[in-house]
A.B. asks: 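Attaching a single structure in structure tokens format; questions to follow.
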2 protein chains.
Amino acid sequence: MTKTPVKHAPKKPDYEKALRKAGIRITRPRKIILGILGETEDHPDALEIFRRAEQVDKSISLSTVYRTMKLLEEMGAIHRHAFEGGPSRFEQAGGDHHDHLIDMDTGDVIEFRSDRIEQLQQEIARQLGYDIVHHRLELYGRRRKD
Amino acid sequence: MTKTPVKHAPKKPDYEKALRKAGIRITRPRKIILGILGETEDHPDALEIFRRAEQVDKSISLSTVYRTMKLLEEMGAIHRHAFEGGPSRFEQAGGDHHDHLIDMDTGDVIEFRSDRIEQLQQEIARQLGYDIVHHRLELYGRRRKD
DNA sequence: AATCTTTTGCAACTGAGTGTCATCTGGCAC
DNA sequence: GTGCCAGATGACACTCAGTTGCAAAAGATT
Ligand SMILES: [Zn+2]
Ligand SMILES: [Zn+2]
Ligand SMILES: [Zn+2]
Ligand SMILES: [Zn+2]
């Protein structure tokens with residue numbers, strides 16, 4: 001059984017090259033946003049990414065952030081999460097698959113992975129006659145005070 | 001291991017009584033909405049509930065549907081789901097817990113339940129120092145064409 | 001540098017849901 | 001049954017996340 005907080009590997013997939021290959025231009029805003037996503041360890045939403053991007057270039061617009069997030073998602077370069085009805089939150093793809101436990105008091109997001117659960121999901125889908133394209137497992141909880 | 005499509009038991013929890021006991025008035029719109037939720041087998045969103053309610057009473061307003069859904073959710077009488085960033089979809093509580101597989105082509109929602117997965121979730125949370133308050137497991141897939 | 005797209009910033013728009021408020025009504029008292 | 005009134009309703013203004021239309025700007029290619 002595997003079940004550990006997931007450490008983000010120091011992955012650095014070359015998304016600029018991937019974009020270029022897909023015939024998509026490497027513009028200044030895109031470079032900045034990719035930089036932010038590559039560095040962060042958390043799961044920021046579009047507004048937070050926008051705020052961080054502003055530090056680098058005051059002229060970036062929020063719509064460009066939204067557009068870029070959609071583009072990167074379609075390319076498979078990032079994952080979009082919609083925790084508990086809040087705004088979408090993003091993280092770079094390319095690391096190992098993991099699911100999330102959300103601390104209901106602090107909002108912290110803890111990553112974990114259970115190969116056993118992943119496997120059971122496959123079995124369930126197969127028995128129901130489906131192939132899983134993707135899935136979402138979120139645990140919402142509070143620190144156990146003993 | 002339990003893992004079967006969940007059949008909705010012919011449950012009929014008496015929510016009107018529960019509402020009354022909580023000092024909440026049984027109004028015409030609420031009766032209608034409870035009736036819709038008690039009869040449906042699917043996971044309609046607020047707009048769909050509104051449309052079905054209109055068939056019964058043309059004067060019902062969409063805001064009342066939203067308000068009622070929030071009220072019922074707070075009472076624990078219904079569950080709210082937010083599949084894939086879409087609008088909230090609802091179902092009556094009171095049946096057995098289950099999770100959902102969403103057919104990406106048709107939008108159909110198939111219910112299933114795996115006690116093994118439920119148990120593994122508990123273990124994971126415990127090891128991370130958390131108590132699970134609730135969780136969400138959604139499989140997104142396509143019918144396997146063999 | 002000139003050209004041809006693609007992308008950008010801005011602002012106007014959409015969709016889901018909430019807040020405000022004058023009016024209405026369910027539940028109880030008589 | 002009638003009267004009362006806090007709680008609920010419908011209408012509509014508003015918020016919030018995200019999208020879209022468009023003229024201007026900036027990549028890529030020559
Ligand atoms: Zn997973
Ligand atoms: Zn993550
Ligand atoms: Zn479950
Ligand atoms: Zn269900």
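Letters A, B, ... are given to chains in the order of the sequence lines, protein chains preceding strands, and every chain is numbered from 1.
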A.B. asks: For B/Leu71 and D/dT9, give me the distance from atom CG to atom C1', rounded to whole Å.
C.D. replies: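 After rounding, the gap between these two atoms is 13 Å.
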A.B. asks: If you assign each of B/Gly86 and A/Arg30 to its closest nucleotide in DNA chain C, which residue comes earlier from the 5' end?
C.D. replies: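 Result: A/Arg30.
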A.B. asks: Using atom CG of A/Leu19 as one end and atom P of C/dT6 as the other, report the distance to the nearest whole Å.
C.D. replies: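 Whole-Å distance recorded here is 15 Å.
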A.B. asks: Salt bridge check, A/Asp42 against A/Arg52: does any charged N sit closer than 4.0 Å to a carboxylate O?
C.D. replies: yes
A.B. asks: What string of B, S and - do you get for nucleotides 19-30 of chain D, 5' to 3', when a contact is any protein heavy atom under 4.0 Å?
C.D. replies: BBB----BBS--
A.B. asks: If you take all heavy atoms of A/Tyr15 and A/Gln92, which pair is closest and at what distance?
C.D. replies: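 For A/Tyr15 versus A/Gln92, the nearest heavy atoms are CE1-NE2, 3.3 Å.
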A.B. asks: Can A/His79 and A/His97 be counted as having a side-chain donor-acceptor contact under 3.5 angstrom?
C.D. replies: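 A/His97 and A/His79 do not have a side-chain donor-acceptor pair below 3.5 Å.
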A.B. asks: Are B/His100 and B/His43 close enough that their ring centers fall under 6.0 Å?
C.D. replies: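 Yes: the rings meet the under 6.0 Å criterion.
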A.B. asks: Just how far, in rounded Å, is C1' of C/dA16 from NE2 of B/His81?
C.D. replies: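 Interatomic distance, NE2 of B/His81 to C1' of C/dA16: 18 Å.
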A.B. asks: How long is the line joining CD of A/Glu48 and P of D/dG18, in whole Å?
C.D. replies: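 So the two atoms are 14 Å apart, to the nearest Å.
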A.B. asks: What is the separation between atom CZ on A/Phe90 and atom C1' on D/dA17, rounded to the nearest whole Å?
C.D. replies: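 Atom CZ in A/Phe90 sits about 10 Å away from atom C1' in D/dA17.
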A.B. asks: The test is side chain to side chain contact (heavy atoms under 4.5 Å, CB included); show your working for B/Arg136 and A/Glu84 and say whether it passes.
C.D. replies: CA-CA 9 Å; B/Arg136 191 152 127 188; A/Glu84 252 341 45; 3.6 Å; yes
A.B. asks: Is a donor on one side and an acceptor on the other found under 3.5 Å between the side chain of B/Arg80 and the backbone of B/Phe90?
C.D. replies: no
A.B. asks: Charged N to carboxylate O below 4.0 Å: is that the case for B/Asp96 and B/Arg113?
C.D. replies: no
A.B. asks: Under 4.0 Å, heavy atoms only, any strand: does B/Leu47 hit a base, just the sugar-phosphate, or nothing?
C.D. replies: nothing
A.B. asks: Whole angstrom is fine here: how far is it from NZ in A/Lys31 over to P in C/dT7?
C.D. replies: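 Between P of C/dT7 and NZ of A/Lys31: 14 Å.
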A.B. asks: D/dG18 P sits how many Å from A/Glu73 CD, rounded?
C.D. replies: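 Rounded to the whole Å, the gap is 11 Å.
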A.B. asks: Looking at B/Thr64, does any N or O in its side chain come under 4.0 Å of the phosphate oxygens OP1/OP2 on D/dG10?
C.D. replies: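 Indeed, a polar side-chain atom of B/Thr64 lies that close.
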A.B. asks: May I have the distance from A/Phe83 (atom CZ) to D/dA17 (atom C1'), rounded to whole angstrom?
C.D. replies: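 A/Phe83 atom CZ is separated from D/dA17 atom C1' by 17 Å.
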